[in-house]
Amino acid sequence: MNGTPARARDVSRIGRTPLLPVRLRVAGRWREAGLKLEQFNPGGSVKDRTAYALVEDLEDRGLLGPGRTLVESTSGNLGAALAYVCRSRGYPFVAVVDPKTSRRNLDEMTALSAIVEHVDRPDAHGGFLRARLDRVQDLLASDASLVWPDQYRNPANPRVHREQTGPEILRHGHGRPDAVFVAVSTGGTLAGIAAYLRMVAPECHVVGVDVRGSVALGGPPGRRALTGIGAGRPSEFARPADCDEVRLIPDAEAVAACHRLRAGTGVGVGGSSGAVLAAAARHLAEHPEAQRVVCLCADGADRYEDTVYSAAWVAEHGLTGTAATEPAFDTALLA
Ligand SMILES: Cc1ncc(COP(=O)(O)O)c(C=O)c1O
């Protein structure tokens with residue numbers, strides 16, 4: 001990551017994640033998918049990059065320093081990542097979370113000395129985003145030492161993905177991908193990667209992947225079970241026109257894709273990565289000419305053992321009946 005030597009010492013392991021090539025058999029043909037495994041960031045997800053960029057931005061603007069405390073609304077991964085970055089920089093951190101936040105992320109935040117504020121009641125839209133943001137505003141009003149990076153609006157969020165994640169995707173040396181698939185929540189990762197690829201590799205097809213029921217990329221609102229992907233309000237960073245295509249994947253299909261990848265390759269990824277993989281399979285089925293795709297896999301299975309990888313949770317959310325992807329696909333490691 002960019003920065004002074006002192007900064008680099010603390011967080012030098014963020015970024016430069018591996019790209020694992022796997023084989024994907026769709027419509028009877030094997031093709032290649034590069035899995036960019038963001039779980040290899042020290043905090044375990046792509047949000048390490050965002051957290052680092054947000055903290056650095058506040059420091060550069062003179063808003064964060066000794067005596068200040070960071071506060072942010074998060075449903076999970078950004079909280080764990082900010083806890084890690086704040087701990088390495090010596091800033092106290094208050095994470096405003098909701099009941100969907102995974103036990104694993106809560107444990108991680110607590111272990112890294114974050115103060116965890118729970119929001120229990122959903123907002124008027126039935127989600128927790130507005131309720132969490134309202135709590136952040138209340139906290140800011142009651143304590144002048146608090147600083148809020150605002151991951152939903154801060155341009156430092158997409159910028160780090162334009163300057164670093166995007167270039168990494170092309171730098172892996174496996175040849176240029178025909179298409180790149182990125183999941184959305186704030187839309188920062190997608191907006192940054194799409195902006196970079198449009199600039200240097202406009203022939204590369206960029207696909208924004210959301211779950212059905214999320215309105216982040218303009219889809220109709222509805223119930224959804226997965227965490228990490230989707231939002232109850234449109235992205236401030238990424239509009240559908242900023243990428244070449246948007247694909248909305250049902251929760252059940254994303255979960256089935258996670259299981260299929262783990263069965264075929266032993267690689268465990270999170271729910272948003274399952275959605276990305278399912279979207280890539282649909283693309284390959286419709287585009288016989290496409291040889292190679294890249295899937296940004298935002299985190300790993302470790303955060304989802306009690307959800308995506310739990311038979312009880314899957315059944316409780318009614319995701320078993322359609323435990324198949326459309327189209328069906330198989331995965332294997334490259335021989
Ligand atoms: C697992 C996972 N996938 C995808 C995303 C989407 O990232 P962004 O907020 O940049 O759209 C997130 C964000 O929290 C995430 O945690």
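Indexing begins at 1, ligand by ligand and atom by atom, following the structure's order.
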Do we see a donor-acceptor contact under 3.5 Å between the side chains of [X] and [Y]?
{"X": "Gln137", "Y": "Asp134", "result": "no"}
{"X": "Arg224", "Y": "Ser214", "result": "no"}
{"X": "Thr101", "Y": "His118", "result": "no"}
{"X": "Asn77", "Y": "Arg303", "result": "yes"}
{"X": "Thr17", "Y": "Arg49", "result": "yes"}
{"X": "Asp299", "Y": "Tyr304", "result": "yes"}

Considering both backbone and side-chain atoms of [X], is one of its nitrogen or oxygen atoms within less than 3.5 Å of a nitrogen or oxygen in ligand 1?
{"X": "Gln151", "result": "no"}
{"X": "Asn157", "result": "no"}
{"X": "His161", "result": "no"}
{"X": "Gly187", "result": "yes"}
{"X": "Thr189", "result": "yes"}
{"X": "Ser272", "result": "yes"}

Whether Trp313 and His317 hold their rings parallel, tilted or perpendicular, with breakpoints at 30° and 60°: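 Taking His317 first and then Trp313, their aromatic rings sit tilted (interplane angle of 30° to 60°).
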Say whether [X] and ligand 1 are in contact under the criterion: heavy-atom distance to a ligand atom below 4.0 Å.
{"X": "Tyr304", "result": "yes"}
{"X": "Asp299", "result": "yes"}
{"X": "Leu190", "result": "no"}

Is Asn77 touching ligand 1 with its side chain, its backbone, both, or neither, if touching means heavy atoms under 4.0 Å apart?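 Only the side chain of Asn77 comes within reach of ligand 1.
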Residue part near ligand 1, for Phe237, under 4.0 Å between non-hydrogen atoms: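 The answer is neither; Phe237 stays 4.0 Å or more away.
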For atom 14 (O) of ligand 1, closest protein heavy-atom neighbour: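 That would be Lys47 CE, 2.9 Å.
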